There are 2 protein chains.
Amino acid sequence: MARRSSEVTMGDIARMANVSESTVSRALSGSTLVAEKTRDRILEIARNADFAINEQARNLALRQTRTIEVIFPIERGTLQQVSDPFFVDMLAVLTDELGKHGYDVLMSRSPPWDEERPGCAFLGARADGVIFVGQGRHRSAIRDFARRHASVVAWGAVSADDDYCVIGSDNVGGGRLATEHMLKLGRKRIAFLGDTDLPEMRQRFEGYKQVLASYDIPLDEDLVIHTPFDIEKAREVTKPFVELFPRYDGIFACSDMIAMAAIANLRQAGIAVPDDVSVVGFDDIPSSAHVSPPITTVHQRIRHGGKVMVEKLIGILGGEAQEPEILKTELIIRQSCGARVATPS
Amino acid sequence: MARRSSEVTMGDIARMANVSESTVSRALSGSTLVAEKTRDRILEIARNADFAINEQARNLALRQTRTIEVIFPIERGTLQQVSDPFFVDMLAVLTDELGKHGYDVLMSRSPPWDEERPGCAFLGARADGVIFVGQGRHRSAIRDFARRHASVVAWGAVSADDDYCVIGSDNVGGGRLATEHMLKLGRKRIAFLGDTDLPEMRQRFEGYKQVLASYDIPLDEDLVIHTPFDIEKAREVTKPFVELFPRYDGIFACSDMIAMAAIANLRQAGIAVPDDVSVVGFDDIPSSAHVSPPITTVHQRIRHGGKVMVEKLIGILGGEAQEPEILKTELIIRQSCGARVATPS
DNA sequence: CGTCATTTTGCAAGCGCTTGCATTCACCCC
DNA sequence: GGGGTGAATGCAAGCGCTTGCAAAATGACG
């Protein structure tokens, strides 16, 4: 890396070893076409010379990139949003899984199409495929992109009309699990905290509404609070909401972070969780089990999801069409909604 | 991306536009050497043909990669460790900052030297420089790597004998701040929770010891608990530790996650925070302000740190040597150590 | 010692792009 | 209309690597 100008090339090694470049190439790539003795000698020389193969040239010759671009389409500035542990987990899994298949991971925070690369107005093809971790508000752009550039999978809200491969949790089901759980515990007036502009949140909201309907509970618009992801902002937004108590006795928060923010405000206002109000979150982030009270939450199978995305992408690269997939979610019952459960383990 | 086989090249565009490849190249790169009319025509054609420049070829010709490898040297399997929001924050900043300078980010979870790329025994030079986010247990390997491959900066414990550019928080100072704060509140017997095998934790421990010494408090080895990062494991490890109460009346936890785990166990055992025991964490993760009780913690300037790393690396790439830098830390006082402070804003 | 089958090696073309230099073109002026 | 000028274009080499194919070396064998 670096020091590129003075980098030693295969030609140099060839000269040192008194063989042709091709032989060096073959020796380094472990071809059987080169005598063992020669190979060892070349390897030795290469090692001593600190030779590092130029992967760009290699990939160019091989017509591959062995790189997958992973895009986290997150508005800049809203750093906090990223802090959601979801992203790290996902990134870690993707990196591992892609690594197993021999792919490198190129990170991006913005989608390729709004990239203003100086001096080049064109979308650079720098990867064999693209994974969108979240579709945010640009579904149609992704769709367009997928149509033009084929190998794409995305994480997010799966819907019937996707024309590219989307993998995502069963958000509707998760919303149902959360809401129904509280109703079964005897809660009557469940509030919803989340940003329904985002497709996944909308699905969770959908599950929430479905359950209310099936219990013949009318939707109370005042209990639907548009709450951003960022925990600081969520804290602010839910502050006035707390005042509405006792119009609600249960809260379905679209993420554990939001749940935490709400709980903090409730406690501060002297409202007890879970005694006065039950709270259910979403995500099952690592700390959710260890805060007070431990948060009941909907678990998303992120690791699994990451693996599935990679598998599908590899499939697509191999030329096979791939179906979208919806991953089951699971309710993790903890104290915050009134369960008599002791703290875990 | 993908569909590489059928990808349209500059040659194709040239043929379509009835000009030479060079003209296409110049047109796309916005050179003034091509007539405006021609340029527009070529751009139009390229757009319609869904042309995407092959960056590998481009970079090869330009003898650059415009890529920085960002390495999170994290043991595989211990995914949870990654969940530390620190990593996402850092990654986000690095991606943004490098992006501003026109660099892409290549993610890695393992250092280049233990990479077993099939068919190639050699360290591939695939980036102009490398950023290590954390040095973990392989300082000497990094040092070696830096010596051979020049452009390297690392985040971590800064020590006098570094021979490559290390940026990191003032961990010793942070440890002092945390410990001294509790002593000043009247606590006498402060426990230390953390993994002193890790250089940064060792430095925090160092600060802790310094303060104890300056207060003439002997170090009680039983109150130094080797606690891993992972919150689940931390929970287990600190469980027996809780029993030692009331041998301690304060806890300095090496990370907020550990602090959370400890607090959870304390409360479960009926020990009150901060009334019976003060707790100070480290990191100032987003949720630390919103849990109960809000955690007093040492803030690391991660965003700033990321920026500094990028600046230094750019400097190094430009041929200038760069000094290591230690970033000030700051104590954020919240309720968990007994401060009379209300919850924040 | 010559033959022939097997290794080993080297040659050269090619991956898709950039760029210095030569060439062509259009236009202007005397 | 010829010569000169500057702008626009094309040619060809080269970036560092791979690989099909031909050439050379090796060794077995009659």
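Residue numbering restarts at 1 for every chain, and letters A, B, ... go by the order of the sequence lines. Keep in mind the model is a prediction, meaning the values are calculated, not measured.
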**Student:** Choose from D:dT9, D:dT18, C:dC11 the nucleotide whose nearest atom is closest to any side-chain atom of B:R26.
**Tutor:** D:dT9
**Student:** Compare side-chain N and O positions of A:S22 against OP1 and OP2 of C:dG10 and report whether any pair is under 4.0 Å apart.
**Tutor:** no
**Student:** Once you round it to whole Å, what is the distance between C1' of C:dC11 and CG of A:L33?
**Tutor:** 15 Å
**Student:** Could you check B:A57 against B:V34 and say which one's nearest nucleotide on DNA chain D is further toward the 5' end?
**Tutor:** B:V34
**Student:** Rounded to whole Å, how long is the line connecting atom CG of B:N59 with atom P of D:dC17?
**Tutor:** 15 Å
**Student:** Apply side chain to side chain donor-acceptor pair (under 3.5 Å) to residues A:Q64 and A:Y103 and explain how you reach the verdict.
**Tutor:** CA-CA 10 Å; A:Q64 56 168 24; A:Y103 284 98; over 6 Å; no
**Student:** Tell me: CG of B:L28 to P of C:dT19, nearest whole Å?
**Tutor:** 13 Å
**Student:** Given C:dG10, C:dG16, D:dT18, identify the nucleotide with an atom nearest to the side chain of B:N54.
**Tutor:** C:dG16
**Student:** Please confirm whether the shortest side-chain N or O distance from A:S20 to OP1 or OP2 of C:dT9 is below 4.0 Å.
**Tutor:** no
**Student:** Roughly how many Å is it from CD1 in B:I53 to P in C:dC15, rounded to a whole number?
**Tutor:** 17 Å
**Student:** Side-chain N or O of A:R58 less than 4.0 angstrom from OP1 or OP2 on D:dT18?
**Tutor:** yes
**Student:** In whole Å, what is the span from the CD atom of A:E36 to the P atom of C:dT8?
**Tutor:** 9 Å
**Student:** Using modelled atom types only, decide if a donor and an acceptor are shared between the side chain of B:T67 and the backbone of B:D104 within a distance under 3.5 Å.
**Tutor:** no
**Student:** Do any side-chain nitrogens or oxygens of A:S25 fall under 4.0 Å of OP1 or OP2 in D:dT18?
**Tutor:** yes
**Student:** Can you tell me the distance, in whole Å, between the CD atom of B:E55 and the P atom of C:dT18?
**Tutor:** 10 Å
**Student:** Could you check B:T38 against B:R41 for side chain to side chain contact (heavy atoms under 4.5 Å, CB included), going step by step and ending with a plain yes or no?
**Tutor:** CA-CA 5 Å; B:T38 329; B:R41 193 161 50 88; 3.8 Å; yes
**Student:** For B:T9, which contact category applies under a 4.0 Å heavy-atom criterion: base, sugar-phosphate, or nothing?
**Tutor:** sugar-phosphate
**Student:** If you check every side-chain atom of A:L62, which of D:dT19, C:dG10, D:dC17 has the closest atom?
**Tutor:** D:dT19
**Student:** Nearest whole angstrom, please: distance from the P of C:dT9 to the CG of A:N18.
**Tutor:** 12 Å
**Student:** Shortest non-hydrogen contact from A:W155 to A:E200?
**Tutor:** NE1-OE2, 3.6 Å
**Student:** Determine, stepwise, if the pair B:S29 / B:S31 fulfils side chain to side chain donor-acceptor pair (under 3.5 Å).
**Tutor:** CA-CA 6 Å; B:S29 69; B:S31 156; 5.5 Å; no
**Student:** Is the distance from OP1 or OP2 of C:dT8 to the nearest side-chain N or O of A:T38 less than 4.0 Å?
**Tutor:** no
**Student:** Please report, rounded to the nearest Å, how far the C1' atom of D:dC17 is from the CZ atom of B:R63.
**Tutor:** 14 Å
